Amino acid sequence: MEVLGIWIAAFLTLCIFSFLYRDNPFYRFAEHLFIGLSVGYSIVVTIHQGFIPLAWEPLSEGVNALQSELTSEGTPETKEALSGLFKIIPIGIGLLFFARLSPRHTWLIRYPIAILIGFTAGAAIPNVLQASIFEQTYGTLTPFAAMHAGSLSTGDIVGAILITIGLICTLVYFFFSVEHQGPVGWLSKVGIAFLMIGFGAAFGNTVMGRVALLIHRVGFLINDWLGSIF
Amino acid sequence: MKRQVPLALCFLFGIVMILTQFSPHSYSQGVYREVINWNLIINPFALILAVATLIQTHMTRIQRRTEHWQYSLVVFLGMAVMVLIGIPLGPQNSYVEWLYNNLQVPMDATMFSLLAFFIASAAYRAFRARTFEATLLLITALIVMMGNVPVGDLIWNSVLSWLPMEDGASKVRQWILDIPNLASRRGIILGVSLGVISQSIRIILGIERSYLGGGD
Amino acid sequence: MFEKLMNIDRRIIFVLVAVVVIIPTLIPIRLPTRVAEPTQKLYDYIDELPPGSTIIMAFDYGPSSLAEPEPMAKAVLQHCFNKDVRVIGITLYANMPTLADKLMQKIATENGAVYGEDYTFLGYRPGALQVILGMGTNIAGVFETDYHGTAIAEIPMMENITNYDQIDLLLDLAAGSSTEAWIIYANTRYNLKIAAGVTGVIIAQMYPYLQTNQLVGFMPGYLGATEYEKLLNAPGDGTIGLNTASFVHLLIIGLVALGNIAFFIQRRREE
C-alpha cells in the first residue's frame, strides 16, 4: 500500500510537471482531481473538526440532559449540559447559509454574514489600532529616546533616522490628498525608493520560497520514488 | 427585514466586541465569551457557500458542454470519493489519510512548485533595469538573493576579500531588511491599518453595505 | 543574436532550473552559514524557558507551502522535547491537520516524547479570528477534545492550562497572514508572546513587528530553518535544501544579468 502510494504520488507529481512543456490532458486531469479532493477533504475536516465538536455534540448533550431532567434523573452535570440547548440559536443562524441554494430565499444568508462581519469589524477596531498603529509608531520613536539617553551605537542612530525618513516618505507617497509637486513630490520620490527596496527584498525572499517548493518535490521524486526503485 | 435586520445585527455584534474589550466586568466578559462562541458555531456553515459555488460552476460547465467539461466530472469524482469515505470514517481514518498523503499533498505541493520555474523565466524576461526605481528594485533583489544562500558569503569572501567586511552578502541583506525594508513595510502597515479601521467603522455604522449584496 | 537570446524558449530556462536542482539533490554539498538575529532571538527564548514550560505551535500552512515550515517545525520540536518544554499543536488551516499530526508524532517518536505528557495535537477549528480570541478566554471552550477525540480534561499536560495565561510562547509557522492575526489578536488582546517561522513570501513584512518586540523572534524561510538547525547542531532538511537552493539562486542571478546585458546592448544598437 505504501509503495503504491509513492507511485501514485510520483505519477501525479509528473502529471503536474508536464504543464511545463505545455497544457495537456494529464495536467488537466491532475489539476481537477486535486480541486475535488482538496474541497472534499476540507468538507470532511470542517464537519469533523467544526460542526460536530462545536455544534452537534453540545446540542445533543443538551437534549440528553433535558430528557434526564424531565425524567427527574437530573444531576449538576446535566444542568450544566442544558446550556448546550442555547446553541440551537447560532446553529439556526448558521443553517441560514443553506438559503444560498434557493434563489427566492438567498437574502437570508445576510443574517449570518452580517454577524460574522460585525464581529470581525468590532474585534479589529481596538486591536488593529493598538497593534498596528500605536505599537508601530511607538517602535519608530523609541530609538530616539535611547539616542537621547546615549545608549545607541552610531550604526543604530543612522538606522533609526533612516527608518523615520523612510516611513515619513512612504506615507507621503500614499497621501493622495495633496498633489505630489515641489517638496511633497521630492518626499514622495524618496518614498518610492524605499518602497522599491522593500519590494526588491520581498522578491529576493520570494525566490527562496518558490525554489524551496521545487527542491521539496524534486527531493520526493529522487529520494522517495526513485530511491524505492534503485 | 431583508436589509435592516442584518444591518442591526452587524452593528450589535460590532459594538459588543468593541465595548467588551474595555470592560473587565464579569457580565461583560460573559457576553464576550458568548459572542465568540456564537461566531465559532456560525463560521463552519460558511463552507456551504464555497461548496455550493464550486458545485454550481462545474454543473454549469457539464450542462453547457463547455470546452474540457469532462474534467468537471473529475472534480466531482475526487470530491465524492473523499466525502463518501471521510464523512462516515473521519479524517483520522487510514484510507482518508492515504488519499490525503498520496494524492492531495503531492499535487498541492507540486502545483505551487511550478512557480519556481516561472519566477526564473520571468526574472530573465522582465526583470530589467529600465528606470532608476526598477534598478533599485533589481539590485536589492539580487543582494537579498545572494544573502539568503550560503554561497553568497562564499563568493563575497573570495571575490571581495579586500573589503574590510567578512560575510558581507548576508550582512548587507540583513541591513536592507532591518532598515529600508522595515521603513517601507511600516508605512504599508500604517496605511493598511488605517484603511481596516475606517472600513470597520463604516461597516458597523451601516455606511458600507456591499456585503449585503444586490437586491432588496 | 541578442534578440534571439532575449526571446529564448522558456522551456530552455525550465530545463536549466531542473538541472541545477537535480544535480545538488543527487550530490549534496554543505556550505557554512551564519545565524542572523531573528532566528537567534527565537532560539534563545526557547532555550531559556524552564523545563515544564508550555508553548503552542500553530501549523498555519498547507501542503502547498510545506517545504519551508516543515524543517522549522522539526527543529523547534526537537529543541523543545530536549529541553522538556511541552508543545500544544493546533492549526488554523483546514487542509493541514493530518500533516501536522503525523509530523508531531514522528519527531516525538525520534526524541522519546510521550503524547499527552510532552505534546498534544488539538487539531483544527474553523474561523481563525474566533479561534484566536476564543482560546484566550478558554482553550477547552474551543478545543473540547484533541484531534483524536480525547477530552482535554483527560490529557495530563493540559491539567493546569486554561487559557493563554499559562502559555509561554506561541510559535506560528505561517504561509499567509496568520502571524499578523496572532500578533493583533493574541499578543495585543491577551499579552501572549508570539514568534514565527514564515515562508519566503512573507519574510519582509515581519521585520516591523520584530523591531517593536511584538515578535519575540522568527525564522525566515529555508534560511531560518537552516540557522535553527545550526544552533541545534543538527543539520536537517533546511540545511540540505538551502545548499541546493544556492545553485538555483546563482542561476537566476545569472539569468537576470544575462537578460539585462542583452537588453542594454540591444537598446544601445537601437539608439
Side-chain angles (χ1 to χ4, degrees), chain A residues 5 8-9 12-13 16 28 32-37 39-41 44-46 48 50-51 54-55 90 94 97 100 107 110 112 114-115 117-119 121-126 128 132-133 136 159 162-163 166-167 170-171 174 194-198 200-201 203-204 207-208 210-211 213-214 217, chain B residues 2 6 9-10 13-14 17-18 21 38-42 44-45 47-49 52 71 74-75 78-79 82-83 86 90-91 102-104 106-107 110-113 115-116 119 133 136-137 140-141 144-145 148 176-177 179-181 183-187 189 191 193 196-197 200 203-204 211-212:
Chain A
I8 290 175
L12 293 170
T13 300
I16 290 177
R28 283 196 293 272
H32 286 79
L33 183 66
F34 158 62
I35 295 169
L37 283 170
V39 172
Y41 183 76
V44 170
V45 170
T46 306
H48 281 270
F51 287 110
L54 294 169
F97 273 114
R100 164 79 171 74
W107 61 273
R110 289 173 183 164
I115 291 174
I117 286 188
F119 171 83
I125 292 170
V128 171
S132 304
I133 308 277
Q136 292 299 316
L162 273 175
I163 287 173
L167 174 62
T170 306
L171 289 174
F174 285 118
F194 272 89
L195 280 167
M196 287 302 135
I197 295 175
F203 180 86
V207 168
M208 178 171 66
R210 300 306 183 214
V211 166
L213 301 175
L214 177 62
R217 292 321 296 159
Chain B
K2 288 183 178 178
L9 283 171
C10 183
F13 277 79
M17 283 307 289
I18 296 171
Q21 173 114 3
W38 275 39
N39 275 272
L40 265 169
I41 295 168
I42 295 170
F45 289 91
L47 181 74
I48 296 162
L49 278 184
Y71 294 102
V74 180
V75 172
M79 191 156 49
M82 196 58 113
V83 164
N102 297 307
L103 280 86
Q104 190 185 328
M107 284 192 284
T110 312
M111 195 74 77
F112 282 82
S113 75
L115 295 169
I119 210 168
E133 287 85 3
L136 211 52
L137 192 143
T140 312
V144 170
M145 280 165 68
N148 273 340
I176 288 171
L177 288 164
I179 308 294
N181 163 68
S184 64
R185 288 285 154 186
R186 185 163 282 165
I189 289 173
S193 305
V196 167
I197 293 166
S200 298
I203 286 171
I204 290 173
Y211 67 90
L212 293 175

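Letters A, B, ... mirror the listed sequences (proteins, then strands); counts begin at 1. Quick caveat: nothing in here was measured; it's all calculated off a predicted structure.
Distance check, rounded to the nearest 0.5 Å: CZ of A:Phe194 to CG of B:Asn181 gives 11.0 Å.
Contact detail for A:Leu171 and B:Gly187: the closest heavy-atom pair is CD2-O, 3.7 Å. Contact between B:Arg186 and A:Gln136 at its shortest, heavy atoms only, is NE-OE1, 2.6 Å. B:Gln104 and A:Leu37 get closest at one heavy-atom pair: OE1-O, 3.7 Å. Taking all atoms of both residues into account, the shortest heavy-atom contact from A:Gly159 to B:Ile179 is CA-CD1, 3.6 Å.
B:Ile18 touches chain A through backbone and side chain together, each having a heavy atom under 4.5 Å away. B:Leu212 touches chain A through backbone and side chain together, each having a heavy atom under 4.5 Å away. Using a 4.5 Å cut-off between heavy atoms, B:Ile48 contacts chain A through its side chain alone, with no backbone atom that close.
Of the listed residues (A:Leu213, A:Thr170, A:Ile197, A:Leu54), the one with the most heavy-atom contacts under 4.5 Å to chain B is A:Ile197. The residue among B:Asn148, B:Val83, B:Ile119 with the most heavy atom pairs within less than 4.5 Å of chain A is B:Asn148.
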* To do: Evaluate the side-chain contact (heavy atoms from CB on, under 4.5 Å) criterion for residues B:Val144 and A:Phe203: first the C-alpha distance (whole Å), next the side-chain angles of each, then the deciding distance (0.1 Å), finally the verdict.
  => CA-CA 9 Å; B:Val144 170; A:Phe203 180 86; over 6 Å; no
* Check the pair B:Gln21, A:Ile125 against side-chain contact (heavy atoms from CB on, under 4.5 Å), reporting the backbone distance first and the verdict last. => CA-CA 10 Å; B:Gln21 173 114 3; A:Ile125 292 170; over 6 Å; no
* Dump the intermediate steps for side-chain contact (heavy atoms from CB on, under 4.5 Å) on B:Thr110 and A:Leu12, then the final yes or no. => CA-CA 9 Å; B:Thr110 312; A:Leu12 293 170; over 6 Å; no
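In terms of the ring pair (Phe, Tyr, Trp, His ring centres under 6.0 Å) criterion, B:Phe13 has no residue partners (sequence neighbours excluded).
Two residues are said to be in side-chain contact when any heavy atoms from C-beta on lie closer than 4.5 Å; B:Ile197 and A:Ile133 meet this criterion.
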